[in-house]
Each structure stands twice: as structure tokens, then as C-alpha cells.
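Below is one structure. I have some questions about it.
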Amino acid sequence: EAGVVQSPRYKIIEKKQPVAFWCNPISGHNTLYWYRQNLGQGPELLIRYENEEAVDDSQLPKDRFSAERLKGVDSTLKIQPAELGDSAVYLCASSLEFPATDTQYFGPGTRLTVL
Amino acid sequence: EDKVVQSPLSLVVHEGDTVTLNCSYEVTNFRSLLWYKQEKKAPTFLFMLTSSGIEKKSGRLSSILDKKELFSILNITATQTGDSAVYLCAVEAGSNYQLIWGAGTKLIIKP
């Protein structure tokens with residue numbers, strides 16, 4: 001069974017540029033999460049989807065971040081414009097349901113560097 | 001404010017040693033505590049603990065939860081270089097089952 005797929009794996013951009021990350025969850029997983037992980041810290045939840053509905057986006061900086069999960073499968077996270085402080089690893093995870101009694105499965109992440 | 005604190009922040013030992021990693025928490029409406037291993041990028045699940053005093057074991061790794069003293073430990077015996085990673089602790093809590101993450105313990109195993 002394929003795991004959570006993310007692309008790109010690495011992205012380097014200049015500040016004020018836009019950037020987008022893509023995630024394909026495990027087939028059949030209804031719940032999708034986007035996390036941001038800064039160096040030396042644990043992941044921080046940005047947004048959680050139940051199918052195509054964003055049910056928890058309280059930690060998403062809505063002035064510059066947006067996300068969508070059309071058709072309840074793949075998801076895209078966008079930053080526009082990017083700032084230096086956005087440099088981090090962006091992790092996507094999915095679970096069969098929520099609460100994730102069988103836990104969340106993480107993708108390899110996208111390392112973003114903003115110059 | 002909910003918080004999860006891991007200690008030590010980093011640890012260097014030699015192959016064959018036994019290590020104990022700590023995770024303490026202060027949260028509202030505790031649901032479960034989870035341990036993850038993170039190599040390179042993606043955290044991978046190790047254990048989920050919900051009940052005090054019941055040890056979870058997988059090979060050389062084991063973990064136990066103390067809900068009275070609000071902490072968990074992760075033990076690794078006969079360590080190998082492949083155990084080198086960041087070990088993350090997360091606590092599921094609250095009415096929305098939010099995951100609160102610790103900062104992790106970076107474990108380095110020297111041959």
C-alpha cells in the first residue's frame with residue numbers, strides 16, 4: 001500500500017514569492033492534516049480536513065496561507081506571499097478517521113527555504 | 001495552556017547501551033499519549049498509551065504511562081546505530097482530540 005505522497009520534497013524561494021505544496025493521502029483515509037515543523041520543534045497543526053471540509057483551521061495564518069482539498073482526496077497548501085519565517089518542513093498526514101485511533105501516517109514532508 | 005515537555009533534548013550513547021527518554025505533560029482532558037520516531041522527515045508511529053501501568057513493547061523498545069504523575073518513558077535496550085533519530089512524544093487531549101507535540105529528543109548512537 002502506498003504511503004502519503006508529498007511534492008515537492010524541497011523548495012527554495014525568495015521572500016514575497018508564492019509557493020504551493022501538494023499531498024496525496026493514503027487511499028481511503030478521510031482525514032488529512034497539514035503540519036509545519038520548525039527545526040528542533042514538534043509538528044504544529046495548521047489545518048485538518050474531514051473529507052473536503054476544513055474542520056480545524058484555527059492555527060492557519062489566514063492572511064497568507066490557504067488550503068484546499070477538492071473532492072476529498074488530494075490537498076494543496078499555499079503560501080502567498082512567503083516570508084522568511086515560513087522556512088520549515090511542511091508535513092502532510094492522513095488517518096482513516098478522526099479521532100485517529102489507528103494513528104496518523106505522515107508523508108516525507110516538503111522542506112521550504114525562504115531566502 | 002496545554003504543554004508537553006520532553007527530556008533530555010539530546011542524548012549521545014554508544015551502541016549496546018540502554019536509554020530512557022522522558023515525556024511529561026500538562027493537558028486538559030487527556031485522551032492518549034503517542035510516541036513517534038522521526039528519521040530525516042516523516043514521523044513514524046511507535047506506541048499509543050491510554051492506561052497507566054501497562055507496558056507496551058515492540059522488540060527492544062518499550063513504553064509505559066503514569067497518569068497520576070503525568071509522564072511517560074520510552075526505553076530502548078541494546079541500542080543500535082539505526083536507533084539514531086528524533087523521538088517525539090505527543091498527547092491527544094481536549095474535546096477536539098488535539099495533538100500537542102513535544103520538541104523531541106535527538107538520540108545519537110555511536111558505533
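Residue numbering restarts at 1 for every chain, and letters A, B, ... go by the order of the sequence lines.
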Under 4.5 Å from any heavy atom of chain A, what part of B/Leu9 do you find: side chain, backbone, both or neither?
neither

Checking heavy-atom separations under 4.5 Å from chain B, one finds in residues 7-17 of chain A A/Arg9, A/Tyr10

Are A/Phe65 and A/Tyr49 connected in a single hydrophobic cluster, I mean Ile/Leu/Val/Met/Phe/Trp/Tyr linked by side-chain heavy atoms less than 4.5 Å apart?
yes

Cluster question for you: counting only ILVMFWY and a side-chain heavy-atom cut-off of under 4.5 Å, with indirect links fine, are A/Val73 and A/Phe21 together?
no

Measure the spacing between OH of B/Tyr36 and CD of A/Gln104 and express it to the nearest 0.5 Å.
5.0 Å

Group every Ile, Leu, Val, Met, Phe, Trp and Tyr by side-chain heavy-atom contacts under 4.5 Å, then state whether B/Val4 and B/Trp101 land in the same group.
no

Heavy-atom closest pair (A/Pro108 atom, B/Ala42 atom, distance to 0.1 Å) is CA-CB, 4.0 Å

Hey, which residues of residues 32-47 of chain A are touching chain B, say heavy atoms under 4.5 Å apart?
A/Tyr35, A/Gln37, A/Gly40, A/Gln41, A/Gly42, A/Pro43

Below 4.5 Å, heavy atoms only, C-beta onward: do A/Pro99 and B/Glu92 meet side chain to side chain?
yes

Can you list the residues of residues 58-79 of chain B that sit under 4.5 Å from chain A, counting heavy atoms only?
none

B/Leu21-B/Met48 co-clustered via ILVMFWY side chain contacts under 4.5 Å:
no

Roughly how far, to the nearest 0.5 Å, is the CZ atom of B/Phe45 from the OH atom of A/Tyr105?
8.0 Å

If you count the non-hydrogen atoms of other residues, nucleotides and ligands that lie under 6.0 Å from CD in B/Glu15, is the total more than 12?
yes

Determine whether more than 12 heavy atoms belonging to other residues, nucleotides or ligands lie under 6.0 Å from atom NZ of B/Lys57.
yes

Less than 4.5 Å to any heavy atom of chain A: does that hold for the side chain of B/Gln38, its backbone, both, or neither?
side chain

Quick one: do B/Phe30 and B/Tyr97 end up in the same hydrophobic cluster if we chain Ile, Leu, Val, Met, Phe, Trp and Tyr together by side-chain heavy atoms under 4.5 Å apart?
no

If you check every heavy atom in residues 80-93 of chain A against those of chain B, which residues fall under 4.5 Å?
A/Val89, A/Leu91

Taking every heavy-atom pair that is under 4.5 Å apart, which of B/Gly102, B/Pro43, B/Ala90, B/Gly104 has the most such pairs with chain A?
B/Pro43

Separation between CZ (A/Arg48) and CD (B/Gln98), nearest 0.5 Å, reads 10.0 Å

